[in-house]
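Side chains are part of it too, since the values below use all heavy atoms of this structure and drop only hydrogens, waters and symmetry mates. First listed ligand is number 1; within each ligand, the first listed atom is number 1.
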Amino acid sequence: MKHLLLGDEAIAQGAIDAGLSGVYAYPGTPSTEVTEYIQHSVISHQCSAIQCRWATNEKTAMEAALGMSYMGKRALVCMKHVGMNVCADAFMNAAITGVNGGLIVLAADDPSMHSSQNEQDSRFYAKFAMIPCLEPSNQQEAYDMMAYGFELSEQMKTPILLRVTTRMAHSRAVVNTVEKPRPQNEMSMPKDVNHFILLPAFAKRNYAELVAAQPSFVAHSEADGHNVYTRGAKPEKAIVTTGIAYNYLMESYDASMGRSILRVTQYPLPAALIAQLVKDGAKEILVIEEGQPVVEELIRGMVPSDVVIKGRLTGDLPRMGELTPDSVRKAIGLDPLPEHAPEAIVVGRPPALCQGCGHRDMYAALNEVAREYAAPRIFGDIGCYTLGALSPFHAIHACVEMGASVTMAKGAADAGQHPAIAVIGDSTFTHSGMTGLLDCVNANANVVVLISDNLTTGMTGGQDSAGTGRLEQICYGLGVPQEHVRVVVPLPKNMEEIKNVLREEIDYNGTSVVIARRECIQTLKRHLKAAKRG
Ligand code: SF4
């Protein structure tokens, strides 16, 4: 069957067709569509029941997926690249426990930081955890690699990292799918439960097994057919290319160039194929890879020192950002293509909060109150409201990572800052802000935590937010005095009330929470439409 699918959708369909039992994820661009596709497939009965509710954060997602795998069923975890940092504890230890049912961890990297605060490369995590990594170079391969990845995971008893980047996740191609999905695994207990008890004695044994398995991981990379070596007529100048970067190369490559090409889509690197490249006469290897120079660094230790390695580290390709057809053309000695028109005719449009958004009214009130203090510091967080850093608000003075607003405000208050205010969304608060609030309460830190509650995860398109309807109870439960958990409705008509509440809580010497609650107007529109339809 043929479908026109985004890379994310191909991954989702591939997982469904491979007998998936549960997808666990926290929304994050460019990975969100994988889980949404599976959710829609379940709702529309296009596939059998699959657990697919959003998780509170990437760590809880990873752990739930490991639990599903423990029970012998196939599980998928999805996140954007920075989510790997959040789930790193569970991820690294899942490599030590190993798996029972197949377990694939999808990390969607965002080179050029289109929607992210860094461009870290998740392939490092696979190497760090010493597990296999798959990196599809097109949508069909992304689909096929789900079945392959689950098989490999179950055969090798290890989690598999599937790494994609923004262009792969968000571009469409025709994908051939199987007609009948594989049934889900029956529930089955792990043969040796001690594998999942990481007491030092068991963990040491497991780790030794993981180390011993490394040659077989390499053997699969060399033999399973995903890594393809093609000897050229002029093999002195070879190319090693990975994942979607292969497409950039193929856009410009002409067979008459005669180069030997090694296409890598599975890691650990296929040592035998790299050795063959050198045996065939490669004196210079150009490494074309999307993201950080992972292969370029590794390959240096795998070839004789007189073989010249070129890539991002040597300046033959840009050190930062996404590859482009032109940057790859230049690296292989071709002239750039004629100037692309869009940049010349499309005027740059800085991102902004939607008109009518409650965050706007929240910032309008906060800015007015903040001006009444000599040196206010407002610590922001990750979400639509991060745009409060830009014109016309210029309201926040820091934004680092999920949940950092609360704990950075605490640190600033510890240093003597007053007022120290954290601005955080409802979804980000339950993702990573709650623990910081507990730190504030335990220290009675002089901090105001302003939760801008739009009742959804707005920035990624309006997914469920884990604490909707329970934020006050969560704050009470964490120990914030009930009289210092205040709720306001961010609307222009309520400006005076909101400002007074903020003033009172800033003047209170302790930890307080102000919840500015009004639904995201984008999800509100959708809800109203759905209600009309009945
Ligand atoms: S998507 Fe929703 S929360 Fe985000 S800026 Fe627009 S209205 Fe505000």
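- In terms of protein heavy-atom proximity, atom 6 (Fe) of ligand 1 is nearest to C354 SG, 2.4 Å.
- Of all atoms in ligand 1, numbered sequentially from 1 with element shown, those under 4.0 Å from a heavy atom of C384 are 1 (S), 3 (S), 4 (Fe), 5 (S).
- Shown in contact with L353 at under 4.0 Å from a heavy atom are these atoms of ligand 1, numbered in order with element: 5 (S).
- A ring-centre distance under 6.0 Å is found for Y26 and H431.
- Remark: the Q184 side chain and the S21 side chain contain an N/O donor-acceptor pair separated by less than 3.5 Å.
- Ring geometry for H418 against Y373 counts as perpendicular: the plane angle is over 60°, on a 0 to 90° scale with 30° as the lower cut.
- Nearest non-hydrogen protein atom to atom 8 (Fe) of ligand 1 is C357 SG, 2.3 Å.
- The shortest contact between atom 7 (S) of ligand 1 and any protein heavy atom is with I521 CG1, 3.3 Å.
- At least one side-chain heavy atom of F124 sits less than 4.5 Å from a side-chain heavy atom of V294.
- For the residue pair S327 and E322, no side-chain donor N or O sits within less than 3.5 Å of a side-chain acceptor on the partner.
- Nearest protein neighbour of atom 2 (Fe) of ligand 1, counting heavy atoms only, is C520 SG, 2.4 Å.
- Using a 4.0 Å cut-off between charged side-chain N and carboxylate O, R123 and E290 make no salt bridge.
- Closest to atom 3 (S) of ligand 1, if we only count protein heavy atoms, is N454 ND2, 3.2 Å.
- Only the side chain of H359 comes within 4.0 Å of ligand 1, judged by heavy-atom distances.
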